[in-house]
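Notes for the one structure printed next.
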Amino acid sequence: MVTTDAGMASGRTLFYRHGLLVRLSHWVNVLGMTALLYSGLQIFNAHPALYWGQYGADDDPSFISMEAEQEGDALKGVTRIGGLSFDTTGVLGVSNVDGEAAVRGFPNWLTLPSYQDLASGRRWHFFFAWLFVINGFIYLAYGFVSRHFRRDLLPAAEELKPSHLGHEIVNHARLRFPKGAEARHYNTLQKLAYLAVIFVLLPLMIGTGPTMSPGFNAVAPWLLDLFGGRQSARTLHFLTAFSLVAFVAVHVAMVLVSGVFNNLRSMVTGYYDIGQGGKS
């Protein structure tokens, strides 16, 4: 984070909050994660069920599944999580395709390509996986070399005190966001969330991906032991993906309620207005 201020008219103070490489990697991640999610759901639809252990087939018990059941003359979508069953007709299990009910784990508007094609889904997924991984390694190298992680993301000891964390949680719940000098830095909740994504969720996602490949297992069989089998890796990959989706949903919600234009400007030009309602 470069600490350069630009005084502007109307009482605005623009603070250079995001460096060029951070901004570029952010937008590459937006493209990559979107394509990976949609193509990943296409791959998942080939067998919309999750297992734990070495094996997973139609006769093995799954703990998450999206199925279709015949109910009279109609198809019914059923999503099972453990011992719970939910009617998800029209969204999961069974959805509308060209005006007709079709067996589909996730609906076609959430998959890449939209039509059922496992091979095409894999090609899209692998292409954007390479883009995502290369972009991630460049960002990691920059983060360590420039001390971005230590300077901007590592919380200080006092920030981790329960009283401080509780205060930030209350402020977020009340939609009270820092302004002025406080807006120069990420708050503790942001720091912890970004660190969890960068150093926990993304490595888990990258590690479980190749573990599902029999060809890669021949090169690194230890990954199967690390993740408890190919099916366990597939389950972890799926759950990690939706943890990232949850992070993005909260991230976008915070952008919307804390100032869309100001946040977008900071991620396009690097400059963030810290003079709105506060003093620098």
Side-chain angles (χ1 to χ4, degrees), residues 1-38 128 131-132 135-136 138-140 142-143 146-156 159 164-202 205 241-280:
M1 188 180 296
V2 183
T3 55
T4 300
D5 288 343
M8 301 294 288
S10 305
R12 295 195 308 167
T13 303
L14 296 185
F15 171 66
Y16 194 59
R17 194 178 196 186
H18 301 295
L20 177 61
L21 196 141
V22 171
R23 303 196 311 270
L24 288 175
S25 66
H26 173 272
W27 293 114
V28 171
N29 280 340
V30 170
L31 172 64
M33 287 185 66
T34 301
L36 284 171
L37 175 65
Y38 282 24
F128 281 97
L131 176 67
F132 189 73
N135 181 61
I138 292 173
Y139 174 74
L140 276 178
Y142 164 81
S146 69
R147 303 181 72 237
H148 166 62
F149 296 141
R150 182 178 180 84
R151 182 181 61 245
D152 301 326
L153 297 183
L154 187 65
E159 291 181 303
H164 181 84
L165 290 173
H167 177 71
E168 286 201 2
I169 292 172
V170 170
N171 281 342
H172 268 69
R174 295 178 177 177
L175 301 182
R176 294 176 180 173
F177 301 103
K179 292 182 174 63
E182 292 184 0
R184 291 173 177 264
H185 310 287
Y186 296 120
N187 61 58
T188 312
L189 298 181
Q190 286 177 303
K191 292 178 180 180
L192 293 175
Y194 294 151
L195 288 174
V197 168
I198 295 168
F199 295 106
V200 179
L201 293 183
L202 292 181
M205 174 72 69
F242 275 87
S243 296
L244 288 171
V245 170
F247 165 80
V248 171
V250 173
H251 176 67
V252 171
M254 291 295 102
V255 167
L256 293 176
V257 299
S258 64
V260 177
F261 178 75
N262 199 21
N263 283 296
L264 283 178
R265 176 179 53 204
S266 73
M267 198 47 74
V268 173
T269 68
Y271 286 97
Y272 184 83
D273 185 0
I274 63 172
Q276 296 180 353
K279 299 179 180 179
S280 60

Any idea which heavy atoms bring His185 and Arg17 closest together, and the distance? O-NH2, 4.1 Å
For His26, does the NE2 atom have more than 12 heavy-atom neighbours from other residues, nucleotides or ligands under 6.0 Å away? yes
Could you tell me the separation between the CG atom of Asp152 and the CZ atom of Arg184, rounded to the nearest 0.5 Å? 13.0 Å
Could I get the full list of side-chain contact (heavy atoms from CB on, under 4.5 Å) partners for Met254, not counting sequence neighbours? His172, Phe177, Val250, Val257
A side-chain contact here means heavy atoms from C-beta on lying under 4.5 Å apart; do Val248 and Val30 qualify? no
Would you check, one step at a time, whether the test side-chain contact (heavy atoms from CB on, under 4.5 Å) holds for Leu202 with Phe132? CA-CA 10 Å; Leu202 292 181; Phe132 189 73; 3.7 Å; yes
So how far is it from Ser266 OG to Ile274 CD1, rounded to the nearest 0.5 Å? 12.5 Å
Answer whether the closest heavy-atom distance between the side chains of Asn135 and Leu24 falls below 4.5 Å. no
Do Asn171 and Asn187 make a side-chain contact, defined as non-hydrogen atoms from C-beta onward lying under 4.5 Å apart? no
Decide yes or no for Leu14 and Thr269: does some side-chain heavy atom of the first lie under 4.5 Å from some side-chain heavy atom of the second? no
With the side chain counted from C-beta on, respond yes when Ser25 and Ile138 share a heavy-atom pair under 4.5 Å apart, and no when they do not. no
Would you call the rings of Tyr194 and Phe247 parallel, tilted or perpendicular if under 30° counts as parallel and over 60° as perpendicular? perpendicular
Between Arg23 and His18, is there a donor-acceptor pair closer than 3.5 Å when you use the side chain of the first and the backbone of the second? yes
If we ignore hydrogens and angles and just use 3.5 Å, is the side chain of Trp27 paired with the main-chain N or O of Met267 as donor and acceptor? yes
Are side-chain heavy atoms of Phe261 and Asp273 found at a separation under 4.5 Å? no
Got Phe128 and Leu31 here, is their nearest side-chain heavy-atom distance under 4.5 Å? yes
Taking all atoms of both residues into account, what is the closest heavy-atom pair of Leu195 and Leu153, and its distance? CD1-O, 3.3 Å
Would the Phe149 and Tyr139 ring centres measure less than 6.0 Å apart? yes
Please list all pairs passing the salt bridge (Lys or Arg N to Asp or Glu O under 4.0 Å) test where one or both residues lie in residues 188-199, with sequence neighbours left out. Glu159-Lys191
If you take all heavy atoms of Leu165 and Leu192, which pair is closest and at what distance? CD2-CD1, 4.2 Å
